[in-house]
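Heavy-atom basis, side chains included; hydrogens, waters and symmetry copies ignored. Everything numeric in this text was worked out from a predicted model, so none of it was measured.
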Amino acid sequence: MGSFSIWHWIIVLLIVLLLFGAGKLPKVMGDLAKGVKSFKAGLQDDSDDAAPGSTAKTIPNQPANTAEAAAKKDEAVR
């Protein structure tokens, strides 16, 4: 009951073809492929920015290291 047979997938494919039409389906898949490629390129850009040797971005008015902030807080309490 939980698994789909080949007939279920054929029926789903026929319904998708009826809804979108045979002409629109390649265009939709092409747009999906472009979206996946741009997503992967964005991930690659992010990993290049975070590469060793690059400077890390910090939020203004926030400590860069939480361990340093905790130490300063402990010193202030004493």
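In this structure, L14 shares a hydrophobic cluster with I6, W7, I10, the cluster being traced through Ile, Leu, Val, Met, Phe, Trp and Tyr side chains under 4.5 angstrom apart. If you chain together ILVMFWY residues whose side-chain heavy atoms come under 4.5 Å of each other, L32 ends up grouped with M29.
In the hydrophobic clustering of this structure, V12 does not group with V28; members are Ile, Leu, Val, Met, Phe, Trp, Tyr whose side-chain heavy atoms approach within less than 4.5 Å, directly or through other members.
Residues passing the side chain to side chain donor-acceptor pair (under 3.5 Å) test with S5, sequence neighbours excluded: H8. Residues satisfying the side-chain contact (heavy atoms from CB on, under 4.5 Å) criterion with L17, sequence neighbours excluded, are L13, L25.
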Name the atoms and distances for all side-chain donor-acceptor pairs under 3.5 Å in residues 33-43, with sequence neighbours left out.
{"unit_1": "S38", "atom_1": "OG", "unit_2": "K34", "atom_2": "O", "d": "3.4"}
{"unit_1": "S38", "atom_1": "OG", "unit_2": "G35", "atom_2": "O", "d": "2.9"}

